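Taking it in order: structure first as structure tokens, then the write-up.
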Amino acid sequence: MTYPKPIIQVKDLWKVYCMGEEKVVALRSVCLEIYQGEICCIFGTSGSGKSTLLNQLAGMEKPTFGEVFIRGTSVSRMSEEELAMFRQKYMGFIFQSYNLLPSMTAVENTAMPLMFRGVPREEREKIAVQMLERVGLSHRLHHYPGQMSGGQQQRAGIARAFAAHPEVIFADEPTGNLDSRTTEEIMEMIISFARRFRQTIVLVTHDPEMERYADRVIRLLDGRIVSNRIRSGGKEAKG
Ligand code: ADP
Ligand code: MG
């Protein structure tokens with residue numbers, strides 16, 4: 001379903017970490033809006049606040065000041081329980097280090113978000129197999145993460161992130177551990193999945209090469225947004 005208002009809205013967001021006596025201001029008055037179906041890339045050098053921002057957007061951490069709205073609902077004000085439900089319903093995640101459970105096979109890892117949504121076992125395994133086929137892992141269905149290459153693990157990570165069709169997918173340096181060829185394959189996959197169902201992607205990275213995939217480009221410097229622009233001709237992934 002189309003969500004006409006900004007699917008993500010951030011109002012005057014601050015995050016201050018206290019390290020003993022010292023205060024680290026990781027985010028300074030961040031305001032932004034992201035619309036449904038946008039591929040939004042957030043750039044910045046190491047330490048600029050990218051991961052902190054992503055964690056606030058996904059409700060993993062509470063802001064020091066300000067608020068984050070997803071689909072018009074303040075995630076900053078939700079209880080942990082409400083947040084967990086909200087995340088399972090609307091959000092997917094892709095991590096730099098894949099974060100697959102080592103004791104589970106590719107199919108079991110991919111099926112996890114569906115389990116949280118109460119999809120019966122047979123059904124969720126069927127969907128997981130389909131997803132893994134779509135990311136080119138039909139020959140690795142019953143492999144464990146330790147038996148797969150980094151690129152294969154990240155494909156499984158993508159299958160898992162998209163399995164339950166979340167409206168927003170958050171990705172923190174998803175290709176940070178991959179070589180340039182695998183990076184391109186992984187990005188093409190993320191973009192083509194997202195385009196198919198008009199899902200919103202929020203991807204943070206220090207890699208300027210990622211810009212060509214973005215519809216919206218946001219730059220962070222020392223916890224502040226220094227630019228936020230729509231990029232016309234955002235890449236239409238093949239297929
Ligand atoms: P990036 O992801 O862009 O590399 P981060 O969001 O991880 O940057 O960090 C932004 C700043 O906040 C850095 O100065 C970092 O040291 C600090 N920071 C991040 N997380 C914490 C934390 N849990 N405690 C204290 N300082 C933190
Ligand atoms: Mg980071």
Side-chain angles (χ1 to χ4, degrees), residues 8-34 38-70 74-80 83-84 87 91-100 150-151 153-154 157-158 160-161 166 168-180 182-183 186-187 190-191 194 200-229 231:
I8 300 176
Q9 203 167 15
V10 176
K11 293 186 180 167
D12 195 18
L13 186 68
W14 291 74
K15 183 68 184 178
V16 181
Y17 293 109
C18 292
M19 305 278 288
E21 294 284 276
E22 201 190 337
K23 285 191 163 58
V24 179
V25 184
L27 295 175
R28 298 165 192 266
S29 191
V30 167
C31 298
L32 59 85
E33 289 181 345
I34 297 170
E38 279 183 353
I39 312 287
C40 174
C41 289
I42 300 175
F43 293 96
T45 51
S46 173
S48 57
K50 303 181 299 294
S51 296
T52 304
L53 177 56
L54 205 72
N55 290 342
Q56 314 289 313
L57 295 181
M60 311 297 270
E61 285 177 15
K62 293 280 181 218
T64 306
F65 186 83
E67 232 168 324
V68 173
F69 297 86
I70 305 222
S74 171
V75 295
S76 315
R77 293 188 190 190
M78 284 184 196
S79 68
E80 282 308 313
L83 257 174
R87 256 187 235 119
M91 302 182 192
F93 295 90
I94 304 172
F95 303 91
Q96 176 169 4
S97 45
Y98 326 123
N99 289 22
L100 301 172
Q153 289 184 63
Q154 195 57 304
I158 291 171
R160 176 184 60 185
V168 183
I169 289 108
F170 294 104
D172 193 344
E173 307 269 9
T175 57
N177 292 346
L178 303 172
D179 62 57
S180 60
T182 313
T183 291
I186 289 290
M187 285 306 299
I190 293 175
I191 305 298
T200 307
I201 304 283
V202 184
L203 184 151
V204 311
T205 178
H206 68 279
D207 180 1
E209 288 286 311
M210 295 288 128
E211 180 164 343
R212 62 197 167 110
Y213 298 104
D215 301 319
R216 179 183 295 279
V217 176
I218 294 177
R219 292 183 199 286
L220 273 184
L221 180 68
D222 294 335
R224 228 185 263 282
I225 292 187
V226 289
S227 99
N228 178 351
R229 67 182 177 89
R231 207 182 133 270

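We count ligands from 1, going down the list as the structure has it; atoms in each ligand are counted the same way. The figures that follow rest on heavy atoms only: side chains count, while hydrogens, waters and symmetry mates do not. Keep in mind that what you see is a predicted model, and the values were worked out from it rather than measured.
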- What are the two closest non-hydrogen atoms of P63 and L13, and how far apart are they? CB-CD1, 3.3 Å
- Closest protein heavy atom to atom 9 (O) of ligand 1, given as residue, atom name and distance to 0.1 Å: T52 OG1, 3.8 Å
- Note on the structure: Min over G47, S46, A26, G223 of heavy-atom distance to atom 13 (C) of ligand 1 lands on G47
- Message: For the backbone of V16 and the side chain of T64, can you confirm whether one donor and one acceptor N or O come within less than 3.5 Å of each other?
- Response: yes
- The closest protein heavy-atom partner of atom 14 (O) of ligand 1 is V24 CG1, 3.8 Å
- Note on the structure: Output for pair (I39 CD1, Y213 OH), nearest 0.5 Å, gives 11.5 Å
- Tell me yes or no: between the side chains of D179 and T182, is some donor less than 3.5 Å from an acceptor? yes
- Note the single closest protein heavy atom to atom 7 (O) of ligand 1, along with its residue, its atom name and the distance in Å. S51 CB, 3.9 Å
- Message: Once you restrict to heavy atoms under 4.0 Å, what part of H206 touches ligand 1? Side chain, backbone, both or neither.
- Response: neither
- Message: Does the protein place a non-hydrogen atom closer than 4.0 angstrom to atom 16 (O) of ligand 1?
- Response: no
- The closest protein heavy-atom partner of atom 27 (C) of ligand 1 is Y17 CD1, 3.2 Å
- Does the distance from a Lys or Arg side-chain N to an Asp or Glu carboxylate O, for R229 and E211, drop under 4.0 Å? yes
- Query: Among all protein non-hydrogen atoms, which one is nearest to atom 8 (O) of ligand 1, and what is the separation to 0.1 Å?
  - Reply: G49 N, 3.3 Å
- Message: With a 3.5 Å distance limit and no angle check, can you tell me whether T205 reaches the backbone of D207 through a side-chain donor-acceptor pair?
- Response: yes
- Message: If I compare all heavy atoms of L203 with all of M187, which pair ends up nearest, and what's the gap?
- Response: CD1-CE, 3.7 Å
- Message: When you measure from the Mg ion (ligand 2) to the N, O or S atoms of S51, does any of those distances fall below 2.8 Å?
- Response: yes
- Item | Residue part near ligand 1, for T45, under 4.0 Å between non-hydrogen atoms | backbone
- Assess G44 for proximity to ligand 1: is some non-hydrogen atom of it under 4.0 Å away? no
- Within 45° of the ring axis of F69 and under 6.0 Å from its six-membered ring centre, is that where the NZ or CZ of K11 lies? yes
- Query: Would atom 19 (C) of ligand 1 count as contacted, meaning some protein heavy atom under 4.0 Å?
  - Reply: yes
